[in-house]
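As C-alpha cells, the structure follows; a few thoughts come after it.
Numbering of ligands and ligand atoms starts at 1, following listing order. Starting from 1, each residue takes its place in the sequence as its number. The model shown is predicted, which means the values in this text are computed figures rather than measured ones.
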Amino acid sequence: MVSVNEDAYDVIVVGSGGGLVGAYVAAARGLRTLVVEKTDRVGGTTAYSGAGLWFPGSAPLRRAGLGDDVEDARAYLRDVVCDPSREALQDAYLAAGARLIDELEQNPWFRSFVHGPVPDYFTSSPGASPTGHSVFPPPLELVEIKEHAGLVRSSLPTERWGFDEGPVVSGGRALIGRALAAFLETGNGTLRLNTALECLLVEDGRVVGIEAVSEGEPVRIRASRGVLLAAGGFEHDRELRERHQSPLTGEWSNGVLANTGDALRAGIAVGAATDLLDEAWLVPGLVQPDGLPVFHTGTRGGIWVNGAGERFVNETRPYDQAGHEILRLHATTGVSHIPAHWILDQRQVDRDSFGGPPDEPVRPEWLESGALKKADTLEELARLIGVPFDALSRTVKEFNGYAQTGVDEMFHRGETVWDQMFHHIVPFAADPRQNFPAKPTPDWPNPLLLPIDTPPFYAATVVPADIGTKGGLKTDEHARVLRPDGRPIAGLYASGNTAAAMSGRVYPGAGTPIGSSMAFAYLAVLDIAG
Ligand code: FAD
C-alpha cells in the first residue's frame, strides 16, 4: 500500500546534483522544499565534476577584469548552436546565470566564485572569448560542513578506485557541500536520501506531487507549488541507450550509475514532449586498467588512429567535438573508429607520464591489464592492436614531419587558443589523480607535436564516452515542461540533463552542463515562487 506522506511541501526537487542549488534558492525564499535523492549521497555527477559554470556576465568575470560581454556570448551561442528554436532558452540561460551567482554570493556558503580561464570551445566563432566564461566555487574544507560531510558524494576516482581525497575538496564536491549546508541551514529544507521518484501525481491536469520508493517503501508526497525534475540523464539505462544512442553504452559513461532516466520516463508518462534524445555531452574516454573509460582531454603527444591506421582528428580538440567526430566517422566512413588507438612513444611517456607519477611514468597495472600495450617496434605494436603496419608507419612518418616543422598540416593541432592551453598543463593525465605541470620541450617548435620515434612504443584505447546525456524533456524559458503542442504541464519543471539542452548538439564552453542544471533550476524556482 502507498503511504500518504502528510508532510506536504511547497516544492519537491527530484535529484540532488545541480538541482540542490535550486532547492537552496527555493528554501531561501521561504518555500518548504523537499529534495528526494535516489542514492545514499547527494551530488550526482555534479559532485564528480570540476564545477566549471559557464556564466557570461557574472560577477566573478567582472571581478577578474573581463568586463561584461553578454552580448558577445549571445552572438557566440547563436552561432555555435545555430538553432532558432533554442534562442529563447539561451536568452533565459544568459540572464539567469549571472543573476543566480549574485544571489548565491549573498550567502556566506557561496562566497565567492572565481573565474578560471578556459577558452570558449569554438575558438574561431564570432563572440568566442579566449579567456572564456567559466566560474568555479572555492574549495571547501569538509570539516566546515560538519556532520553533512559524509553525505556528499565522493569523486569518481574515489568511488571507482578508493583513492583518498583528503580533507579539502574542490570542484563539484565543494559546490555540492556548500549547497547542502546552505539548503539545510535555511530551516525550510528537507533532504530524503534513498528515495527514488517512480511517477508523478496529477490532479485536474496539474502535477501535485510524486510517488516514490523511499527506503524500500512506496510513498506518495505532495507539493502544492511545483515539482522540479533534476534527476540527471539516462546514461545508465540500457534500453534508452540502445533505442536512441547506439553505439554509445552506459559502461562508457562517467555519469553516476543512478542516472537511469527515471524522471524522463515520469515526464513522458504525464504527456511531456522530448527532444535531443540521441545527444550526450561527449568526451573521449581513455580506457583504464579496470576496462572502463575515464573522461580524457588535452592530448599533448602521440596520435590517435582508426582501424585503418590513419589519424582522423586533431587529438587536442575540445572533448565534445572530438567525441562527436569519432562517432560521426565511425558511422559514415566504413572504417572502424571505435575503439581508436592512442599511439605513443617513450619520449612522450617520459615527458608527460602515463598513468603514474613523474618518477614512475607507467604504472604496472596499465601493462598487466593490457590497457596499455607496449612493443619494441611499431610493426609489433600494429600487430598487437590489429591495424595495418604499412598504414600506421606512413601515418607516423607524416606526423613526425609535422613535428619537425611544428605545423600539423592535416588537423592543425596546436593552432587554437584551446590547444595552446595545453602547452603548459597536463590537465587530465591518464591517472586521474595526477595533474602535472608540463615539462618544457625546447627542442620542438610545437610542444603538442613531438615525434613518435623513440622505442618502446605504446598504444592505449580511446572510446566515445560521455559525462551525461543531454536530451530530455522539452522545457520553456521558465523551465516548465512542455506538451507536444507547446503548452506547459502545470506544476512540472525540469532542469539539467533531465531536460533537452539549450545548447542543442554542441558544448559551447566549460561549464555548460552544470550551468544549465543550475540556471534552469533557478528559473523554475523563480516561476514557482511567483
Ligand atoms: P546529476 O548531477 O547527475 O544529478 C542527478 C541526481 O539525481 C543524482 O544524484 C541521482 O542519484 C539522482 N536521481 C536519479 N534518478 C533519481 C530518481 N528516480 N529519484 C531521485 N533522484 C534521482 N560539467 C560542467 O558543467 N562543468 C564541469 O566542470 C564538468 N566537469 C566534469 C568532470 C567530470 C569528471 C565529469 C564526469 C562530468 C563533468 N561535467 C562538468 C558534466 C556534469 O557534471 C554533468 O553533466 C552534470 O553534473 C549533470 O547535472 P544534473 O544536475 O543534470 O545531474
Side-chain angles (χ1 to χ4, degrees), residues 12-23 34-55 116 118 134-137 151-153 155-157 159-160 170-173 175-176 179 191-200 210-214 227-237 253-266 280-283 285 293-297 319-320 427-428 432 465-470 472 494-499 501 503 507-521:
I12 297 175
V13 176
V14 180
S16 64
L20 190 57
V21 175
L34 172 70
V35 172
V36 294
E37 166 54 48
K38 186 175 180 178
T39 68
D40 60 358
R41 302 277 191 96
V42 294
T45 313
T46 305
Y48 288 170
S49 78
L53 311 170
W54 196 77
F55 282 154
V118 186
S134 308
V135 304
F136 295 81
L151 300 181
V152 179
R153 180 166 294 288
S155 70
L156 183 60
E159 287 201 341
R160 215 152 121 184
S170 58
R173 298 200 64 210
L175 177 70
I176 291 296
L191 171 66
R192 217 161 149 167
L193 296 171
N194 299 309
T195 302
L197 167 82
E198 295 259 293
C199 61
L200 295 159
I210 64 168
E211 284 192 3
V213 173
S214 184
V227 172
L228 169 61
L229 300 176
F234 57 89
E235 47 267 24
H236 290 289
D237 186 82
S253 178
N254 283 181
V256 285
L257 294 173
N259 288 351
T260 52
D262 306 350
L264 173 66
R265 285 200 172 84
W281 305 102
L282 291 174
V283 297
V294 161
F295 174 9
H296 165 81
T297 190
Y319 41 89
D320 184 63
F428 285 100
D466 69 55
I467 50 176
T469 53
K470 67 183 307 200
S495 59
N497 292 347
T498 303
S503 57
Y507 197 139
T512 320
I514 302 176
S516 301
S517 184
M518 285 171 47
F520 286 100

Taking 4.0 Å as the limit for heavy-atom contacts, which would you say applies to [X] with ligand 1: side chain only, backbone only, both, or neither?
{"X": "N254", "value": "both"}
{"X": "V42", "value": "neither"}
{"X": "A230", "value": "backbone"}
{"X": "S517", "value": "side chain"}
{"X": "A212", "value": "neither"}

Show me which atoms of ligand 1 lie under 4.0 Å from any heavy atom of [X].
{"X": "G15", "answer": "6 (C), 7 (O), 12 (C), 21 (N)"}
{"X": "Y48", "answer": "33 (C), 34 (C)"}
{"X": "T195", "answer": "19 (N), 20 (C)"}
{"X": "A258", "answer": "11 (O), 14 (C), 15 (N)"}
{"X": "S16", "answer": "6 (C), 9 (O)"}
{"X": "P513", "answer": "23 (N), 24 (C), 25 (O), 45 (O)"}

Examine [X] against ligand 1 and note whether any of their N/O atoms are separated by less than 3.5 Å.
{"X": "T498", "answer": "no"}
{"X": "W281", "answer": "no"}
{"X": "G44", "answer": "yes"}
{"X": "A510", "answer": "no"}
{"X": "E37", "answer": "yes"}
{"X": "T39", "answer": "no"}
{"X": "T45", "answer": "yes"}
{"X": "G18", "answer": "yes"}

**Asked** Quick one: do the K38 and T260 side chains pair a donor with an acceptor below 3.5 Å?
**Response** yes
Closest to [atom] (judged by heavy-atom distance), picking from [options]:
{"atom": "atom 3 (O) of ligand 1", "options": "L257, N259, D466, V283", "result": "N259"}
{"atom": "atom 16 (C) of ligand 1", "options": "K38, R153, H236, K470", "result": "K38"}
{"atom": "atom 29 (C) of ligand 1", "options": "G496, G511, S49, P157", "result": "S49"}
{"atom": "atom 4 (O) of ligand 1", "options": "S155, G255, G17", "result": "G17"}
{"atom": "atom 49 (O) of ligand 1", "options": "L175, V13, T46", "result": "T46"}

**Request:** Measure the shortest side-chain to side-chain distance between V256 and R153 over non-hydrogen atoms and say whether it is less than 4.5 angstrom.
**Result:** yes
**Item:** Approximate separation, where rounding is to 0.5 Å, of S516 OG and L53 CG
**Value:** 10.5 Å
Tell me if a side-chain donor or acceptor on [X] pairs with a main-chain N or O of [Y] at a distance below 3.5 Å.
{"X": "T498", "Y": "G233", "answer": "no"}
{"X": "N259", "Y": "F234", "answer": "no"}
{"X": "E235", "Y": "G468", "answer": "no"}

**Request:** Say whether A51 and ligand 1 are in contact under the criterion: heavy-atom distance to a ligand atom below 4.0 Å.
**Result:** yes
**Message:** Yes or no: does G468 have any heavy atom under 4.0 Å from an atom of ligand 1?
**Reply:** no
